[in-house]
Amino acid sequence: IGAVACLAQSSEDAFCPFYSDVMPGLLGCTQFPSPSYEMSRLRGSAMEAATIVGQAVSESNRELYVGDAEKIMHMAMPMLQTDDSAGTSIPMDELLSACARIASVMGEQYAPFVGVVLPHLLARVSAPPDMEFSEGDEAGLEATKRGDAEMNEDEEGAEHMTFTLSLPGKGITKVTVNTTKILEKAQAARAIYEHAAALGDAFGPFAETTLEALVPLVGFRYSAEVRSTVAQAISPVYEAACSYGKASGMQVPQKYLPLLAESLSKQIATEDPSDPEVVFAIADSTSDVFYFAYRTLDGPTGRQILVSYTPAQAKLAVERIMKAMVACLSRRADLFRILEGLDGSLSGEDENEEYCRALQGEQEVLTPLVDIVGYTIKLLRIEAVPVFDSAVAPVLAPYLKADVSDTRARFAAICLFDDVVEHCGGAAAAKYAPYLLEGALLGMDYATNGQDVDLKQVSVYGIAQIARYAPAAVVIGQAERLVNMLVNICDVPKDATDHVALVENSASALASLALIGSAPLGKSMNASKRKSILSNVLDQLPLREDESEAKIIHAGLCDLVEQRQVLATVDTERLLRIIGEIFACISEGEDLASPDTRSRLAKILFQMQSDVPRERMQTAFSSLPQQSQQCVTAVMSEFQAQSGANLVSP
């Protein structure tokens with residue numbers, strides 16, 4: 001049975017042909033009578049293997065397994081609803097792990113079972129740790145600092161770990177922990193993660209109870225694994241609370257946003273940096289929480305999620321995150337000095353690889369720290385300016401200068417200065433755009449950006465935000481340099497590059513500088529240069545990589561057509577291609593245009609049939625892919641029905 005599970009887990013999709021031979025036998029083994037502990041272990045192994053096999057084949061053939069998964073859950077329900085103190089049923093560890101795997105496959109279809117499974121998981125994750133305290137000594141404290149914990153096993157097979165801590169109010173104390181129970185906590189948190197991630201909105205009714213159990217464990221001092229798995233579980237649970245709250249009310253997300261900001265940021269600031277995987281897990285979850293909160297702002301509940309989250313609470317959380325970021329950047333600076341041989345401590349290739357891995361680990365920690373601050377700025381908008389002034393700008397502004405070797409530090413700085421210029425109002429944009437422009441110009445130039453494409457991309461994005469939100473005077477002095485750099489990027493066809501988002505950001509920045517909205521360079525640019533830029537931008541439309549940017553630029557395209565700066569009679573083929581592709585992408589679920597922009601595009605299509613000679617319109621239409629043709633026809637028919645106008649089908 002164990003071998004079957006390993007084979008399935010290793011071969012995944014390739015195991016599908018053997019599924020019908022293996023699964024009936026595994027299901028049969030789960031139904032053997034269980035008069036003994038040994039037989040219960042056999043049943044448990046069979047159920048574990050059945051769910052591993054099912055999870056493996058479900059990557060490509062979910063329907064193959066769903067029916068059997070439901071059978072297993074109906075088998076499991078009586079075991080979860082009765083007391084089995086004698087241990088003759090399936091062991092609870094294997095039963096709960098099997099349920100988590102099934103949830104990951106069944107998704108919302110699992111909803112009828114979660115109310116029975118979840119109480120067992122919450123009981124395990126909330127159980128007090130099995131611990132003993134006795135008087136410790138300095139030798140034990142030093143041993144613990146070196147990582148030398150004592151391990152032993154009791155008569156029942158449970159493992160215990162003994163270490164020494166200095167506890168407030170108790171002094172130096174020897175602590176003996178039942179590590180088996182702690183492992184159960186981590187496993188339960190992991191299973192909660194699987195359930196919440198799989199169920200989505202359907203987990204919403206259980207979100208408050210679950211968060212109530214998880215939040216106190218964010219700072220569980222006796223196990224880094226518990227802290228990290230609990231933090232990871234919080235993320236999908238909070239997402240479920242936000243999604244469910246759109247229809248049922250935002251009380252739970254409102255209540256827990258400040259509690260999570262407090263507990264998670266505090267733990268990030270105090271977590272041991274020598275274990276970057278744990279720091280990353282907690283920071284990544286925190287970033288997700290703020291992202292899910294930010295995502296609700298555009299929904300029907302608006303800014304309700306911020307009712308209980310005050311600027312003072314946000315300031316404290318950001319200060320803690322910035323403290324962790326400063327420490328991370330300092331460690332990166334030390335690693336750079338070693339790798340560059342400045343301190344003479346690098347002894348060989350193996351050591352070089354070790355320091356490179358450490359540098360990569362710090363980069364992975366830095367990313368969610370930046371995201372947490374970024375989403376806080378987007379959440380609070382103008383109210384975020386004071387904390388940006390006091391805690392963020394003083395730390396990161398120096399990384400926008402020329403003498404910076406850590407390009408990821410510059411990346412972090414540009415990301416957050418992008419956010420403050422875009423989201424925090426005109427005064428903040430005017431204040432911080434000059435800093436951002438200096439850093440962005442360095443970030444766009446391969447001579448100063450370390451060949452970092454991500455840095456180049458966020459730098460170009462920053463130029464677009466400066467063009468839209470900062471005073472025109474900020475960019476006037478660098479107009480020619482900016483335009484030339486952006487045109488060089490934008491000249492590459494999207495189907496000929498691996499960096500599509502960079503090219504699209506460049507088209508967006510060019511349009512914002514010279515063509516649409518306030519266009520700070522629009523009035524000072526000669527007609528020939530403007531025409532060339534317009535052609536560059538149109539060649540890259542529609543934009544798809546960033547839906548927010550796409551909406552802005554596609555609305556700007558409507559402005560250009562309506563103002564007759566783009567002539568349908570001249571750019572017929574290009575305009576019809578762009579509009580056809582926009583509606584084709586929208587038909588596949590991409591949100592590339594607001595409802596108002598969609599209406600304007602439909603009106604432009606309808607006007608084109610009057611303005612453009614019929615033969616040319618038909619030729620342009622026939623050159624479109626079939627999906628674009630179908631979408632154009634459907635949009636024009638719908639426009640005719642709504643407006644009562646006459647339609648001449650292309």
Side-chain angles (χ1 to χ4, degrees), residues 1-2 5-6 8-9 12 23 26-27 30 40-41 43-59 62 65-81 84 89-127 180-207 209-211 213-214 217 225-226 228-240 281 285 288:
I1 287 173
C6 289
Q9 199 164 33
E12 297 180 342
M23 187 58 75
L26 293 174
L27 293 179
T30 64
S40 76
R41 293 303 302 268
R43 293 182 69 191
S45 295
M47 180 173 282
E48 181 178 47
T51 56
I52 289 171
V53 168
Q55 195 173 38
V57 302
S58 294
E59 289 294 323
R62 178 178 177 275
Y65 173 55
V66 167
D68 289 330
E70 198 163 343
K71 287 179 188 175
I72 296 172
M73 287 309 304
H74 284 298
M75 226 183 292
M77 286 296 100
M79 302 179 208
L80 292 165
Q81 291 169 320
D84 182 39
S89 186
I90 292 176
M92 189 59 71
D93 286 350
E94 291 170 331
L95 189 61
L96 293 174
S97 295
C99 291
R101 289 189 204 95
I102 291 171
S104 72
V105 174
M106 292 185 70
E108 291 188 0
Q109 288 177 261
Y110 184 89
F113 308 112
V114 67
V116 176
V117 179
L118 188 61
H120 290 274
L121 296 174
L122 294 179
R124 287 192 161 210
V125 85
S126 303
T180 301
K181 293 293 184 184
I182 286 181
L183 180 60
E184 286 180 359
K185 275 185 182 292
Q187 289 172 335
R190 199 169 287 113
I192 290 170
Y193 170 91
E194 293 285 358
H195 279 76
L199 286 160
D201 290 8
F203 195 85
F206 308 98
T209 305
T210 306
L211 289 170
L214 293 178
L217 294 172
E225 184 180 10
V226 169
S228 61
T229 51
V230 162
Q232 288 170 321
I234 282 171
S235 168
V237 173
Y238 192 74
E239 181 180 19
S285 176
D288 284 346

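Everything numeric in this text was worked out from a predicted model, so none of it was measured.
Shown here is Tyr110, whose OH atom has more than 12 heavy atoms of other residues, nucleotides or ligands within 6.0 Å.
When all heavy atoms of Ala8 and Val53 are compared, the pair lying nearest together is CB-CG2, 3.7 Å. Pairing each heavy atom of His120 with each of Leu80, the nearest pair is NE2-O, 2.7 Å. Taking all atoms of both residues into account, the shortest heavy-atom contact from Pro236 to Ala197 is CB-N, 3.7 Å. Scanning all heavy atoms of the two residues, the minimum distance from Ser45 to Ile1 falls at O-CG2, 3.4 Å. Considering every non-hydrogen atom in both Pro91 and Ser40, the closest pair reads CD-O, 3.4 Å. Of all heavy-atom pairs spanning Val230 and Leu214, the tightest one is CG1-O, 3.3 Å.
Residues Glu94 and Thr51 fail the side-chain proximity criterion, which asks for heavy atoms closer than 4.5 Å. Using a 4.5 Å heavy-atom threshold, the side chains of Cys99 and Leu121 count as separate. A heavy-atom distance below 4.5 Å is not found between the side chains of Asp288 and Glu239. Looking only at side-chain heavy atoms (C-beta outward), Ile192 and Leu118 come within less than 4.5 Å of each other. A 4.5 Å side-chain heavy-atom check between Leu199 and Met106 finds every atom pair outside the cut-off. Taking 4.5 Å as the limit, some side-chain heavy atom of Thr210 sits within range of a side-chain heavy atom of Phe203. Looking only at side-chain heavy atoms (C-beta outward), Arg124 and Leu96 come within less than 4.5 Å of each other. Met79 is not listed as a side-chain neighbour of Met92, based on a closest heavy-atom distance of 4.5 Å or more.
Expressed to the nearest 0.5 Å, how far CD of Gln55 lies from CD of Glu12 amounts to 9.5 Å. Taken to the nearest 0.5 Å, the NZ atom of Lys71 stands 11.0 Å off from the NE2 atom of His74. Distance check: Met73 CE to Met77 CE gives 3.5 Å after rounding to the nearest 0.5 Å. Distance check, rounded to the nearest 0.5 Å: CG of Leu27 to CE of Met47 gives 8.5 Å. Here the CG atom belonging to Leu217 is positioned 8.5 Å from the CD1 atom belonging to Ile234, to the nearest 0.5 angstrom.
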(request) Step by step, work out the side-chain contact (heavy atoms from CB on, under 4.5 Å) result for Ile102 and Ile72. (result) CA-CA 9 Å; Ile102 291 171; Ile72 296 172; 3.6 Å; yes
(message) Could you walk me through whether Val237 and His195 satisfy the side-chain contact (heavy atoms from CB on, under 4.5 Å) test, starting with their C-alpha distance in whole Å, then the side-chain angles of each, then the deciding distance to 0.1 Å, before giving a yes or no?
(response) CA-CA 9 Å; Val237 173; His195 279 76; over 6 Å; no
(request) Could you check Tyr193 against Thr229 for side-chain contact (heavy atoms from CB on, under 4.5 Å), going step by step and ending with a plain yes or no? (result) CA-CA 8 Å; Tyr193 170 91; Thr229 51; over 6 Å; no
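Of the possible donor and acceptor atoms, one in the side chain of Ser104 sits under 3.5 Å from a partner among the backbone N and O of Arg101. Arg62 places a side-chain N or O within 3.5 Å of a backbone atom of Val105 that can act as its donor or acceptor partner. No donor-acceptor distance shorter than 3.5 angstrom exists from the side chain of Ser285 to the backbone of Ala281, with no hydrogens or angles considered.
Between the side chains of Ser97 and Glu48, no donor-acceptor pair is found at a separation under 3.5 Å.
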